[in-house]
Visitor: 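Below is a structure I'd like to ask you about.
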Amino acid sequence: MFHSWYSRKENKAKPISELISIFETEGNVNHTCPGDENLQFDAAAWKAYSEKEKRDCLMQYRIAYQGYAQVWWCEALGTVLANDEVVNGVSERGGHPVERKNMRQWFLRITEFAERLIDSLDKLEWSDAMKEMQKNWIGKSVGAEVRFSLSPSLSEGEGEVTVFTTRPDTIFGVDFMVLAPEHELVDGITTAEQQNAVEEYRTYVKTRSERERMSEVKQVTGCFTGAYAIHPFTEKQVPVWISEYVLAGYGTGAIMGVPSGDERDHAFAKHFNIPITNIFGEKYNGEEAYSAKTSTIENSGFLSGMNIPDATEAAINALVKAGLGKRKVNYKLRDAGFSRQRYWGEPFPIIYIDGVPYGTDEGLSPSLSKGEGGISQLPVELPYVESYKPGPEGQGPLANITDWVNTDAGQRETNTMPGYAGSSWYFLRYMDPGNNTEFASRKATDYWNQVDLYIGGTEHAVGHLLYSRMWTKALYDLGHIGFDEPFKKLLNQGMIQGSSRFVYIFDYQLKEEKAELKLKGPLLLSLGLVKEALNNVEANMKLARKLADDYFSNSLFDELFSGWNFRPLRVDVSFVDGLELDIEAFKKWRPEYADAEFILEDGKYICGAEVEKMSKSKYNVVNPDDIVAQYGADTFRMYEMFLGPIDVSKPWDTKGIEGVHRFLKKFWRLYADETKGWVVTDEKATDAELRILHKTIKKISEDIERFSFNTSVSQFMICVNELSTLGCHKREILEPLAVVICPFAPHIAEELWQKLGNSGSVVAASFPAFEDRFVTENSKMYPVAINGKTRTEMEFALDADQASIEAAVLADENIIKWLEGKAPKKFIFVKGKMINVVV
RNA sequence: GCGGGCGUGGUGAAAUUGGUAGACACGCUAGACUUAGGAUCUAGUGCUGCGAGGCUUGGGGGUUCGAGUCCCUCCGCCCGCACCA
């Protein structure tokens, strides 16, 4: 990726060497620079560049490139934190203050692939929901880029603000401009008198996460810069503000505020008393923005009277003609941040020489190019470290290993790659894991081709699954593999969650010196008491009063506590039977509660429960090995299938596994009796037995196709119940049945297969063919409804015609009773389904 | 806030194309066999009502001969939101 660039002309990734050749002959006239759209040079200029200038320029084209991104910086911990390590604006560990800090980072230019990532979704067998999520994440929008010049007389700096808008038709409704607080122009345009206010506001914004900035739309914040921009058509001067609702990474990091047509702009204008220009005539009521797209545009110069699509076209054409803007496609998708300041992650094969990054495979020095890792010293391996402490100035731990960082060619990159680096291509490596000259041979990837079926969770919808797709396209473009989509079919499986258990500690603050506690240990309350107290102020007071009376030396309640609450504490699920706590086991596990007092309800301590991800830290882990030891792998496997549809998440609950276990025992008893031993006979099967077998073959075949394993298990249960009732022990039925059940209960199937006298494994046996003739019926019990409510059942031949059925139904005494003498208005007969009489 | 998903008995669920709601299990109740039962078998089990019957798929409304399924609307829950991986 470092050695490649994206050709917008050919719409594919290409080697960077080809770009260098192009620059040498024609400069970049035919290849707009994705990193800097205004960069232009010819061949002569290119040749005159220094080595460093050339490399800097190429960096703006590379698919793996360096840029700047904001990270959470925690001064106290001396490290960069992940989003989920920042809680309520402070570090999760230690509660230290954090702020957004700009840092140099590696990126992958996934935005260049945006269009293809949308287009080729069509050829994937993924759920519509999944495709929808990816489309929305990529967020293609068509609109215009518009330049507003700043008013030199009123602004500190001169120049222009470029905005992206999906509604160029509303350009006459612009009443203000808003820049992201991080926007590079802000420093230059802020007037002296607004300097302090702007600084203060930016300090506030630094503490805000992007999520908060997007979510909390009701609370309007912002700050005027003192600068004004000039409307391109009316020459009206509009104030330039900064506000957190404009994000630096979206579009150009600046918007034109059209309060009459956009809700957030409207709220902003109202909040800061900015006069609102109405461009929708009567459709805009002054109270809320008119954001529907069905009005005509009014009060808008040459756009007045046009509908929205026409006005959009006209506005863009006028902007282009005036040289003030252009048509533009924008994507919400951002280039993927590819640096982490962590130890665990693939190290970059990058060396800095005089601050300029080179690939370790670029022949930098003899020792590097012939080092241990092969000719190009790939792969670069993580060095051993004594400590995982962060490096200086927010660098990763690798920065501390100076021996490793400093090579005779230059300094190594100390960032590492993120988790999705490996997850984007591991499936390719699996195709050729022993290869030590390339990631996978073309022969191997051509043979194995795409992943046929990928089972994964929706949590990967817009991360891993999008990055893998981009990665695959890049490798395809560069000729390393022969397919451009990694996962042909995708199925989302649900998660088996944990069910956590909680006890509740009475947590109180005593008023000073007022009381002595009679307790030796903490006070734990059963769930029912806590629930009642939390639901009801009176109950809460009553409970506290009672606790004061029972457990404290001073029962003058009003003088006892300054406050109290019920603090939940996780307990290991193995000490809880259902919801009832084994108090002794708990005390043993947590010695600090050995002297605790437990307040019970009905003689039991009832725990609280919550469904969460299964995790050691939540003490809610159930180990599958224990289940397998108790019930066997077949029972475990079938029970997991039986729990419900494959794509639904649910908490693990061992209750119910008995049913599946009983089923397998009953299934076994068709073949072997506890006392009599093997009971399989060679008798001829009856029609009824064959019907059961073939209904089962049909159902299982269909269910497997649609991954409906829970209903398959049900069908096996129905089959075994019916065969048991018939007392069937016939080889003609039971031998094929063992083959059908094999994918669901392979161990028992294999054993029965052997006992039936077969050589070879049951997995090699061919799946029994379904034969229609065994299951066809010639009559059907029809539900007969009056006005849609089923009142009785009547049996008719399947080939009976409507007239004879109608006559029979209307003559039926049950039906006559329900008709109550009224004449039927309509008779509905759906062959093979039902009958409905409308009166 | 935005995007996606889900909501059916005491519990897990089924109903595949708009056609008998609750299949199959768990649990529970009663019984049989048994020295014993955490084995096995039988019957019952959505709610309500003595009964005929009535009610019932998160709430409300609509389309239809017929709605768990389609449409509108409201409520609730779960997942993702770019440095958890």
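Owing to the predicted nature of the structure, the values given are computational and were not obtained by experimental measurement. We use all heavy atoms of the structure for the numbers below, so side chains are in, but hydrogens, waters and symmetry mates are not. Proteins get letters first, then strands, A, B, ... in listed order; numbering begins at 1 in each.
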Visitor: Side chains of A:Val86 and A:Ser209, heavy atoms from C-beta outward: is any pair under 4.5 Å?
Guide: no
Visitor: Taking atom P of B:C41 as reference, at what distance in whole Å does atom CZ of A:Phe663 sit?
Guide: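 One finds 13 Å between P of B:C41 and CZ of A:Phe663, rounded.
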Visitor: How is A:His460 classified with respect to the nucleic acid when contacts are heavy atoms under 4.0 Å: base, sugar-phosphate, or nothing?
Guide: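 Base: the residue A:His460, judged by heavy atoms under 4.0 Å, touches a nucleobase.
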Visitor: Show the distances under 3.5 angstrom between N or O atoms of the protein and N or O atoms of nucleotides 15-21 of chain B.
Guide:
unit_1: B:U16; atom_1: N3; unit_2: A:Arg706; atom_2: NH2; d: 3.2
unit_1: B:U16; atom_1: O4; unit_2: A:Lys699; atom_2: NZ; d: 2.7
unit_1: B:U20; atom_1: O2; unit_2: A:Glu793; atom_2: OE2; d: 3.3
unit_1: B:U20; atom_1: N3; unit_2: A:Glu793; atom_2: OE2; d: 3.0

Visitor: Can you tell me how far CD1 of A:Ile697 sits from CD of A:Glu702, rounded to the nearest 0.5 angstrom?
Guide: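 Going from the CD atom of A:Glu702 to the CD1 atom of A:Ile697 covers 12.0 Å.
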Visitor: Rounded to whole Å, how long is the line connecting atom NZ of A:Lys650 with atom C1' of B:G7?
Guide: 14 Å
Visitor: Give me, pair by pair, the N or O atoms of the protein and of nucleotides 67-75 of chain B that are less than 3.5 Å apart, along with how far apart they are.
Guide:
none

Visitor: Listed in order of residue number, which residues of residues 715-729 of chain A have a non-hydrogen atom at under 4.0 Å from RNA chain B?
Guide: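 Nucleic-acid contacts, sorted: A:Met717, A:Ile718, A:Asn721.
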Visitor: Given that A:Gln341 and A:Lys817 both sit by RNA chain B, which one's nearest nucleotide is further toward the 5' end?
Guide: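 With A:Gln341 and A:Lys817 compared, the 5'-side residue is A:Lys817.
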Visitor: Within the structure shown, what part of the strands sits under 4.0 Å from A:Lys332 by heavy-atom distance: base, sugar-phosphate, or nothing?
Guide: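 Base contact.
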Visitor: Represent RNA chain B in dot-bracket notation, 5' to 3'. Only Watson-Crick or G-U wobble pairs with both distances under 3.5 Å count; pseudoknot-style crossings use [ ] and interstrand partners use |.
Guide: (((((((..(((......[....)))((((((.......))))))(((....)))..(((((..]....))))))))))))....
Visitor: Look at the side-chain N and O atoms of A:Asn710 and state whether any lies under 4.0 Å from the OP1 or OP2 oxygen of B:A14.
Guide: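 So the side-chain polar atoms of A:Asn710 do come within 4.0 Å of the phosphate oxygens OP1 or OP2 of B:A14, strictly under.
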Visitor: Quiz question: by atom type and distance under 3.5 Å, do the side chains of A:Asp703 and A:Gln715 form a donor-acceptor pair?
Guide: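 Checked: A:Asp703/A:Gln715 side chains show no N/O donor-acceptor pair below 3.5 Å.
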Visitor: Please confirm whether the ring centroid of A:Phe642 lies under 6.0 Å from the ring centroid of A:Phe663.
Guide: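 Ring centres of A:Phe663 and A:Phe642 not closer than 6.0 Å.
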Visitor: When you check the phosphate oxygens OP1 and OP2 of B:C84, does a side-chain N or O of A:Arg342 lie under 4.0 Å from one of them?
Guide: no
Visitor: Heavy atoms only, 4.0 Å cut-off, all strands: where does A:Glu263 land among base, sugar-phosphate and nothing?
Guide: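 No contact at all - A:Glu263 keeps every heavy atom at 4.0 Å or more from the nucleic acid.
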Visitor: Roughly how far, to the nearest 0.5 Å, is CZ of A:Arg104 from OG of A:Ser339?
Guide: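 Between A:Ser339 OG and A:Arg104 CZ, I get 9.0 Å after rounding to 0.5 Å.
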Visitor: Look at all strands and tell whether A:Trp818 reaches a base, only sugar-phosphate, or nothing, counting heavy atoms closer than 4.0 Å.
Guide: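 Sugar-phosphate only.
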Visitor: Going from CZ on A:Phe427 to CH2 on A:Trp471, what distance comes out if it is rounded to the nearest 0.5 angstrom?
Guide: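 That separation rounds to 10.0 Å.
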Visitor: With no hydrogens and no angle check, do the side chains of A:Tyr245 and A:Asp265 hold a donor and an acceptor under 3.5 Å apart?
Guide: yes
Visitor: Taking atom P of B:U40 as reference, at what distance in whole Å does atom NE2 of A:His661 sit?
Guide: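 It is 9 Å, rounded to the nearest whole Å.
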Visitor: I need the minimum non-hydrogen distance between A:Gly337 and A:Pro418, along with the two atoms involved.
Guide: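 Of all heavy-atom pairs spanning A:Gly337 and A:Pro418, the closest is O-CG, 4.2 Å.
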Visitor: What is the nucleic acid contact for A:Trp72, judged by heavy atoms within less than 4.0 Å: base, sugar-phosphate only, or nothing?
Guide: nothing
Visitor: Between B:A25, B:C84, B:A14, spot the one nearest the side chain of A:Asn83, thanks.
Guide: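 The answer is B:C84, which lies nearest to the side chain.
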Visitor: From C-beta outward on A:Val838, which listed nucleotide comes closest to its side chain: B:A14, B:C83, B:C65?
Guide: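 Nearest nucleotide to the side chain: B:C65.
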Visitor: Confirm from the modelled atom types if A:Gln70 and B:C83 form a donor-acceptor pair under 3.5 Å, side chain to base only.
Guide: no
Visitor: Quickly work out the A:Trp106 CH2 to B:C83 P distance and round it to whole Å.
Guide: 17 Å
Visitor: Let's see if you can work this out: which of B:C83, B:C26, B:G12 has an atom nearest to the side-chain heavy atoms of A:Arg340?
Guide: B:C83
Visitor: Establish, with yes or no, whether the OP1 or OP2 oxygen of B:G53 is under 4.0 angstrom from a side-chain nitrogen or oxygen of A:Arg791.
Guide: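 Indeed not, no polar side-chain atom of A:Arg791 lies that close.
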Visitor: Show the distances under 3.5 angstrom between N or O atoms of the protein and N or O atoms of nucleotides 48-50 of chain B.
Guide:
none

Visitor: Which part of the nucleic acid, if any, lies within reach of A:Ala129 when heavy atoms closer than 4.0 Å are counted: base, sugar-phosphate only, or nothing?
Guide: sugar-phosphate
Visitor: Is the terminal nitrogen or CZ of A:Arg100 (NZ for Lys, CZ for Arg) located under 6.0 angstrom from the six-membered ring centre of A:Trp73 and within 45° of that ring's axis?
Guide: no
Visitor: With rounding to whole Å, what would you report as the distance between B:U20 and B:C26 at their P atoms?
Guide: 26 Å
Visitor: Just by modelled atom types, is the A:Gly632 backbone N or O under 3.5 Å from a matching donor or acceptor in the A:Arg637 side chain?
Guide: no
Visitor: Under 3.5 Å, is there a donor-acceptor pair between the side chain of A:Asp335 and the main chain of A:Thr111?
Guide: yes
Visitor: Rounded to the nearest angstrom, tell me the gap between atom OH in A:Tyr467 and atom P in B:C81.
Guide: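 Distance, rounded to whole Å: 10 Å.
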Visitor: Mind telling me whether B:G9 is syn or anti, cutoff 90° either side of 0?
Guide: syn
Visitor: Contact class for A:Ile657 vs. all strands (heavy atom < 4.0 Å): base, sugar-phosphate, or nothing?
Guide: nothing
Visitor: Whole Å only: how far is the CZ atom of A:Arg662 from the P atom of B:U40?
Guide: 6 Å
Visitor: Report yes if a donor N or O on one partner sits less than 3.5 Å from an acceptor N or O on the other, where the partners are the side chain of A:Glu85 and the base of B:C83; otherwise report no.
Guide: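 Looking at the base of B:C83, it does not pair with any donor or acceptor on the side chain of A:Glu85 (distance under 3.5 Å).
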Visitor: Base, sugar-phosphate, or nothing: which does A:Val462 touch, judged by heavy atoms less than 4.0 Å apart?
Guide: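 Contact class for A:Val462: sugar-phosphate only.
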Visitor: Mind checking what makes salt bridge (charged side-chain N to carboxylate O under 4.0 Å, His left out) contact with A:Glu413, not counting sequence neighbours?
Guide: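 If we apply the salt bridge (charged side-chain N to carboxylate O under 4.0 Å, His left out) test to A:Glu413, skipping adjacent residues, there are no hits.
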Visitor: Which nucleotide wins on minimum distance to the side chain of A:Leu643, given the candidates B:G4, B:G12, B:G27?
Guide: B:G12
Visitor: Between atom CH2 in A:Trp137 and atom P in B:G4, what is the gap in whole Å?
Guide: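 For the pair A:Trp137 CH2 and B:G4 P, the rounded distance is 14 Å.
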Visitor: Using OP1 and OP2 only, check whether a side-chain N or O of A:Lys826 sits under 4.0 Å from B:G66.
Guide: no
Visitor: Distance-only, no hydrogens or angles: does the A:Ser468 side chain make a donor-acceptor pair with backbone N or O of A:Leu465 under 3.5 Å?
Guide: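 Absent.
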Visitor: Using a heavy-atom cut-off of under 4.0 Å over every strand shown, decide if A:Ser649 touches base, sugar-phosphate, or nothing.
Guide: nothing
Visitor: Measure from the side-chain N and O atoms of A:Asn492 to the backbone N and O of A:Asp647, and report whether any donor-acceptor pair falls under 3.5 Å.
Guide: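 Side chain of A:Asn492 to backbone of A:Asp647, a donor-acceptor pair under 3.5 Å: no, none is there.
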Visitor: Quickly work out the A:Asn492 CG to B:G5 P distance and round it to whole Å.
Guide: 11 Å
Visitor: Rounded to the nearest 0.5 Å, what's the gap from CG on A:Leu117 to OH on A:Tyr331? Could you check?
Guide: 9.5 Å
Visitor: Nearest of B:G12, B:C55, B:C41 to any side-chain atom of A:Lys789?
Guide: B:C55
